[in-house]
Amino acid sequence: MVFIAWSSLASLALPAGATPMAPATASGASAPAEPVFTRARLVSVQKEDGNRLYVRLKLLPSSKLPFTTQRFKVSDRALLTGIPEGSWVKFTARHMDGENTLTSIQLTPECKRFQPCD
């Protein structure tokens, strides 16, 4: 049986006016989330019907997915400027208009097997 003195419980109490779920920022607004980059190898760039541009990216494996190749719609052709096929990239994407859409992409050094990546 464990006994706790009331004085020790009082020291754990929150300051007057504070709530346990109060936001961490002083203004009360939450900070916008940082984008999460995914590493991949650019497999191909394809034009399809309607003059749409798509890229196929071979994603690095994670704990739940093995190597997988996924197709992403490219909304702005300028994103791919200077990125040749076969390059290692970091990218972000969103699901827009029923398709996975590339929102940013940049060249990155190859992630060596069994080595930490940034």
Side-chain angles (χ1 to χ4, degrees):
M1 195 184 228
V2 176
F3 293 100
I4 300 175
W6 286 106
S7 61
S8 65
L9 284 177
S11 66
L12 295 175
L14 295 171
T19 61
M21 298 303 288
T25 60
S27 65
S30 61
E34 291 291 321
V36 176
F37 286 94
T38 304
R39 287 181 168 265
R41 189 174 55 82
L42 180 63
V43 175
S44 65
V45 179
Q46 306 167 341
K47 281 188 182 179
E48 291 193 7
D49 59 308
N51 206 20
R52 294 183 188 177
L53 187 64
Y54 290 90
V55 293
R56 289 186 33 195
L57 297 171
K58 186 172 185 178
L59 307 178
L60 284 179
S62 66
S63 59
K64 296 180 183 174
L65 291 173
F67 275 109
T68 183
T69 303
Q70 291 187 344
R71 183 177 89 150
F72 295 87
K73 180 180 174 184
V74 179
S75 58
D76 184 9
R77 295 174 189 276
L79 290 174
L80 298 176
T81 303
I83 302 178
E85 290 183 3
S87 299
W88 286 91
V89 295
K90 289 194 306 189
F91 71 96
T92 59
R94 290 184 47 196
H95 192 76
M96 298 180 340
D97 300 326
E99 294 184 290
N100 291 330
T101 304
L102 201 64
T103 56
S104 71
I105 188 168
Q106 58 189 351
L107 286 171
T108 189
E110 179 180 354
C111 187
K112 302 289 184 187
R113 190 172 182 171
F114 303 118
Q115 299 294 320
C117 299
D118 61 349

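A cation-pi arrangement is found for Lys90 relative to Phe37, the charged atom lying closer than 6.0 Å to the ring centre and inside a 45° cone about the ring normal.
With hydrogens and angles ignored, the 3.5 Å screen pairs no side-chain donor or acceptor of Glu85 with any backbone N or O of Leu42.
Tyr54 places none of its side-chain heavy atoms less than 4.5 Å from the side chain of Arg56. Residues Thr38 and Leu59 meet the side-chain proximity criterion, which asks for heavy atoms closer than 4.5 Å. With contacts defined as side-chain heavy-atom distances shorter than 4.5 Å, the pair Leu102/Leu57 qualifies.
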Before you tell me yes or no, could you show the steps for Thr108 and Arg39 under side chain to side chain contact (heavy atoms under 4.5 Å, CB included), namely the whole-Å CA-CA distance, both residues' side-chain angles and the distance that decides it to 0.1 Å?
CA-CA 8 Å; Thr108 189; Arg39 287 181 168 265; 3.4 Å; yes
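The distance from atom OG of Ser87 to atom CD of Gln106, rounded to the nearest 0.5 Å, is 12.5 Å. With values rounded to the nearest 0.5 angstrom, Ser44 atom OG is found 12.5 Å from Lys58 atom NZ. Separation of atoms NZ (Lys73) and CG (Leu53) is listed at 10.5 Å; rounding is to 0.5 Å. Atoms CD1 and OG1, from Ile105 and Thr103 in turn, are 10.0 Å apart once rounded to the nearest 0.5 Å. To the nearest 0.5 Å, atom CZ of residue Phe91 and atom CG of residue Leu107 are 14.0 Å apart.
Side chains of Thr92 and Ser104: a donor on one and an acceptor on the other come within 3.5 Å.
With salt bridges taken as basic N to acidic carboxylate O contacts below 4.0 Å, one links Glu48 and Arg71.
Of the listed residues (Thr81, Asp76, Ile83), just one forms a side-chain contact (heavy atoms from CB on, under 4.5 Å) with Leu79, and that residue is Asp76.
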